[in-house]
There are 2 protein chains.
Amino acid sequence: MTPKKNDVERRGRGRPQSFDRTQALYAAMRLFWDRGYEGTSFDDLIAAMGISPSSFYNAFKSKEALYQEAIEAYAKASGAWFYDILGEPADTRTTLERLLTFAAAEFTRDDLPAGCMIAVAATQCSPSQARLRELMATQRTQYETAMANRLRLGVNLGDLPAATDIDALAAFYMSLIRGMVVQARDGATRERLLEIARIGMQAWPAKEGHPSAA
Amino acid sequence: MTPKKNDVERRGRGRPQSFDRTQALYAAMRLFWDRGYEGTSFDDLIAAMGISPSSFYNAFKSKEALYQEAIEAYAKASGAWFYDILGEPADTRTTLERLLTFAAAEFTRDDLPAGCMIAVAATQCSPSQARLRELMATQRTQYETAMANRLRLGVNLGDLPAATDIDALAAFYMSLIRGMVVQARDGATRERLLEIARIGMQAWPAKEGHPSAA
DNA sequence: TTTTTTTTGGTGTCATCGCTCCATAAATCC
DNA sequence: GGATTTATGGAGCGATGACACCAAAAAAAA
């Protein structure tokens, strides 16, 4: 959508950049992921990115602009599995099961920070960061809406009872995933997260005509 | 446990405190609850508490010490319902149901900040706040352990199958509660949280001899 | 080669943060 | 009343945070 200054080809006039912009962005992303926006200082960033303040300012405009880019990079790289799985042709229950299982695995990779960059970000922050907070809430809403849309499709496909409260079910599973993120950040193992996911699938709505006994 | 300087009676020798220490502590608690530790500045604190820097230092030692006291105050005031409900004589399933329902209500009170002060605090923060992060992780573990103990009791009482993975079940429900906190902080209504709680109860383990069909 | 354009290194700057110090005030004790 | 003890108001301080500026460097364009 937004054509960045240097995507593959960039033969401008002036002095060429001495660093790989994408690589620097990923370094920033990992730092933000691990420490959050307010917990990551300017000096930490330029150190991890290996650039000077002027290069930083020149290439990324500001810390906030960089954070937004980092969120986009995260969505494309480390968050894509979510939308990918939602788009798979499996039946709805299998899709949700895969989603939770994949979440457990992704949140406990040893080559990336634990958990998710978005799931619990900026839930408690200074009033001066109100814009950031709204941005993250919006991001979370988008993931939840995507899941709700997939569940709604499930109703249309007959995978879910027609009376299912789709928005509530999506909110339930997103809540569970966000809680799994907290567990992951506190050091929970992949096995533990898989157990949580397995129990979460027990809440899957019963088929029509088979109401669960009280 | 720790006898504070002024609990009810304190007739020392010097000039008396010109402010209500407990009231000031609660003001700080609410600020920390809403903004987190790093998101709450010293100046914000003394403004909300209505005291000067020297009074602050004299009465609370440091921002970090105040935060610890605020956590304790929270546990006694706004977090007590959790342990209270765990201690009620109801059967285990009812207890968990009440816990989730109460959480939905507590997280959406209009006289207090949304959500919980502990549930998602310091999951992303600066490395310089490593101690704080561990403190919060420990707090979360304590709540989870308390729930696990109640569930274990449920196994002994015959409320839950003997083969139940208690730690996993506790982790599941605590994850759900933490996710509900994120929802609450993003502005979810009490009704929405109640729906999430209701769905969460659908994951309650089936009685022995009545395995859920695949 | 000169000009133009863009990036870079290094330093400076302004605000905020979390205290810290000190003189003064208000209580009790002798 | 004087001494002692504790709290207060207000100013200041060293560190950090997030840039901002500028002269020099490195490329293409003329």
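Residue numbering restarts at 1 for every chain, and letters A, B, ... go by the order of the sequence lines.
One interatomic measurement links the two molecules: CD1 of Ile46(A) to C1' of dA20(D), which rounds to 13 Å at whole-angstrom precision. If you measure from atom CG of Asp43(B) to atom C1' of dA11(D), you get 13 Å, rounded to the nearest angstrom. One interatomic measurement links the two molecules: CG of Leu45(B) to P of dT16(C), which rounds to 16 Å at whole-angstrom precision. One atom, CG of Asp44(B), and another, C1' of dC19(C), lie 15 Å apart when rounded to the nearest Å. Per the geometry, CD1 belonging to Ile51(B) stands 14 Å off C1' belonging to dG18(C), to the nearest Å. The interatomic distance linking Phe60(B) (CZ) with dC19(C) (P) rounds to 14 Å, in whole Å. Atom CZ of Arg35(B) and atom P of dT16(C) are 15 Å apart (whole Å). Between the P atom of dA26(D) and the CZ atom of Arg15(A) lies a distance of 6 Å, rounded to the nearest Å.
Looking at heavy-atom distances under 4.0 Å, Phe42(A) makes contact with a base. Ser54(A) comes within contact range of at least one nucleobase, with a heavy-atom separation under 4.0 Å. Within 4.0 Å (heavy atoms only), Ser52(A) reaches at least one base atom of the nucleic acid. Among the atoms of the strands shown, only primed sugar atoms or phosphate atoms (P, OP1, OP2) are found under 4.0 Å from some heavy atom of Ser55(B).
Taking 4.0 angstrom as the limit, Ser18(A) places a side-chain polar atom (N or O) nearer than this to OP1 or OP2 of dT8(C). The side chain of Tyr57(A) contributes an N or O atom lying less than 4.0 Å from OP1 or OP2 of dA20(D).
A salt bridge is defined here as a Lys NZ or Arg NE, NH1 or NH2 lying under 4.0 Å from an Asp or Glu carboxylate O, and Asp159(A) with Arg93(A) fails to meet this definition. Under the 4.0 Å criterion applied to side-chain N and carboxylate O atoms, Glu195(A) and Arg192(A) are assigned as salt-bridge partners.
Ranking dT8(D), dC29(C), dT4(C) by closeness to the Arg13(A) side chain, first place goes to dT4(C). If you check dG17(D), dT8(C), dC19(D) against the side chain of Phe19(A), the one that comes closest is dT8(C). Checking dC19(C), dA7(D), dA25(D) against the side-chain heavy atoms of Asn58(B) singles out dA7(D) as nearest. When each of dC19(D), dG10(D), dA7(D) is scored by its nearest atom to the side-chain atoms of Gln17(B), the top-ranked nucleotide is dA7(D).
Between Tyr143(B) and Tyr83(B), the distance from one ring center to the other falls under 6.0 angstrom. Proximity of the aromatic rings of Tyr74(B) and Phe32(B) is defined here by a centroid distance below 6.0 angstrom, and this criterion is not met.
Side chain of Arg190(A) to backbone of Thr108(A): a donor-acceptor contact under 3.5 angstrom is found.
For dA27(D), the paired nucleotide is dT4(C), the pair qualifying as Watson-Crick or G-U wobble because both relevant distances are below 3.5 Å.
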